[in-house]
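Right, one structure below, let's go through it.
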Amino acid sequence: MENNAEFKREKGFIERIFDNKAFILIILGIVIRVIMLFYYYYTHSINPLRSWGDLGSYFEKNLTSTPLTIFILEIFRFLSFGSIEIFAFWGFLWDLLTTLMFYFIIKNFNVKNLNYAFGLFMINPFFFLSNSFSIENCGYHITDAFFFFFLFLAFIYFPKKQKHSKYLFYLFLGLSMCVKYYTLPAVGFFFLKYLIDKDWKEMKIFLISIAPLLIIFLILPLFLTDWFFNILFNWYSVGISIPLFIKIIPPVSIALLFIIFRMNKSDAFEISILSTVTTASFMVFSYFYLRWFQSILFYGVLKEKEFFTLNLNLGSKKREIIVNNHLITFYLSFLGVLLAYLLIIFAYS
């Protein structure tokens, strides 16, 4: 009798975990990020000479930043009062903020099982590795967080049907281009698509929203400053030494295949994701980081599809597990983590 009562209590506990799995995953996603912040503080307190990675580099100088990125960096360097620890807190806060923003994207895309989908995203190993985790130094890429902030704002407005939402989508997408170049190929894709479709209304909204931003933050600085011109047109030569004609083969191939086989069926969201993949296929030949391709995760989470169903027998209770794009994206992320480490080991061995 005692064993039977204990079994019922255990079964009830397991059931409660299943019933609250979404909430548990979301809390876990926040907790592991907080733990990483304190881990960085602890490891650097016992070894002050330990590198802060990209975060430390951006604390000291601008590296290959755009004018808009430099402006935002200057604000947070000023708010750090000369302390790298405070700057690390800003890096943590931007990372957490952008991760939490994805909840509103999932919500506006009307994704089923909203909280569960968001919970899986919060603990996605590849996204966590790319933006939060590092054993050696510090895992924050604060300028990428700036980029995600504006990109995610664009995605929040994308599903909305109001006319002003279209302007805001292109506006925030344009700002993401001015922070990082990842989505810049979308300009060419949009222009070509609306030209072929003769969608002059969408073309007007697109040009009015994005063109002024590109002129102010990217084009004018090219003519007004030498440093930005040199950074932009010499970036391809940094990192691993690979001839330029080899570097441009993947992005050109991706762009041509997309234009020929997919552009007429694509929407602005898909074009935005494809543009980051195109840029990543060029950047990866300078630095072998698989994190350039993490935007694929967003497509995997937001494009809903159910594949099959698993039936679990938990004693007297039966449960269904629907294997959909959320689970597939989550488990494939482990493969992404493995490939990321293998690529780095191969490149720098």
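Note that the coordinates shown come from a computational prediction; the quantities given were computed from them, not determined experimentally. The first residue of the sequence shown is numbered 1, and numbering continues consecutively from there.
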* **Six-ring centre of Tyr116, Lys21 cation under 6.0 angstrom, axis tolerance 45°** => yes
Report, as yes or no, whether the 6.0 Å neighbourhood of atom [atom1] on [X] holds more than 12 heavy atoms from other residues, nucleotides or ligands.
X: Glu136; atom1: CD; value: no
X: Tyr41; atom1: OH; value: yes
X: Phe191; atom1: CZ; value: no
X: Phe76; atom1: CZ; value: yes

Kindly assign one of parallel, tilted or perpendicular to the pair [X] and [Y], based on the angle between their ring planes and the thresholds 30° and 60°.
X: Phe121; Y: Phe102; result: parallel
X: Phe128; Y: Phe133; result: tilted
X: Tyr289; Y: Trp292; result: tilted
X: Tyr182; Y: Phe147; result: perpendicular

What distance separates [X] [atom1] from [Y] [atom2], expressed to the nearest 0.5 Å?
X: Thr143; Y: His141; atom1: OG1; atom2: NE2; result: 8.5 Å
X: Leu207; Y: Glu202; atom1: CG; atom2: CD; result: 10.5 Å
X: Ile196; Y: Met263; atom1: CD1; atom2: CE; result: 6.0 Å

Backbone N/O of [Y] and side chain of [X]: donor-acceptor pair under 3.5 Å:
X: Tyr39; Y: Ile135; result: yes
X: Thr278; Y: Leu274; result: yes
X: Asn124; Y: Phe127; result: yes
X: Thr276; Y: Ile273; result: yes
X: Thr69; Y: Val179; result: yes
X: Ser83; Y: Ser80; result: no

* side-chain hydrogen bond (donor to acceptor under 3.5 Å, both in side chains) between Thr183 and Ser176, intermediate numbers included -> CA-CA 7 Å; Thr183 47; Ser176 76; 3.0 Å; yes
Search all heavy atoms of [X] against all heavy atoms of [Y] and return the closest pair with its distance.
X: Asn137; Y: Tyr40; answer: O-CD2, 3.5 Å
X: Tyr181; Y: Thr279; answer: O-OG1, 3.7 Å
X: Phe172; Y: Ala154; answer: CB-N, 3.7 Å

* What pairs with Phe59 under ring-ring contact (aromatic ring centres under 6.0 Å, His included), at least two apart in sequence or on another chain? -> Phe87
* Asked: By ring-ring contact (aromatic ring centres under 6.0 Å, His included), which residues pair with Phe150, not counting sequence neighbours?
  -> none
* Is the Phe298 to Phe152 ring centre distance short of 6.0 Å? -> yes
* Asked: Under a single-linkage rule joining Ile, Leu, Val, Met, Phe, Trp and Tyr whose side-chain heavy atoms are separated by less than 4.5 Å, which residues share a cluster with Ile35?
  -> Phe23, Ile27, Val31
* Are Leu195 and Phe261 linked, directly or through other ILVMFWY residues, by side chains that come within less than 4.5 angstrom of each other? -> no
* Asked: Are side-chain N/O atoms of Gln294 and Asn131 paired as donor and acceptor at under 3.5 Å?
  -> yes
* For the pair Asp199 and Lys166, find out whether any cationic side-chain nitrogen is under 4.0 Å from an anionic carboxylate oxygen. => no
* Answer yes or no: is there a side-chain heavy-atom contact under 4.5 Å between Asn324 and Lys305? => no
* Among Arg262, Lys193, Lys303, the one residue meeting salt bridge (Lys or Arg N to Asp or Glu O under 4.0 Å) with Asp267 -> Lys303
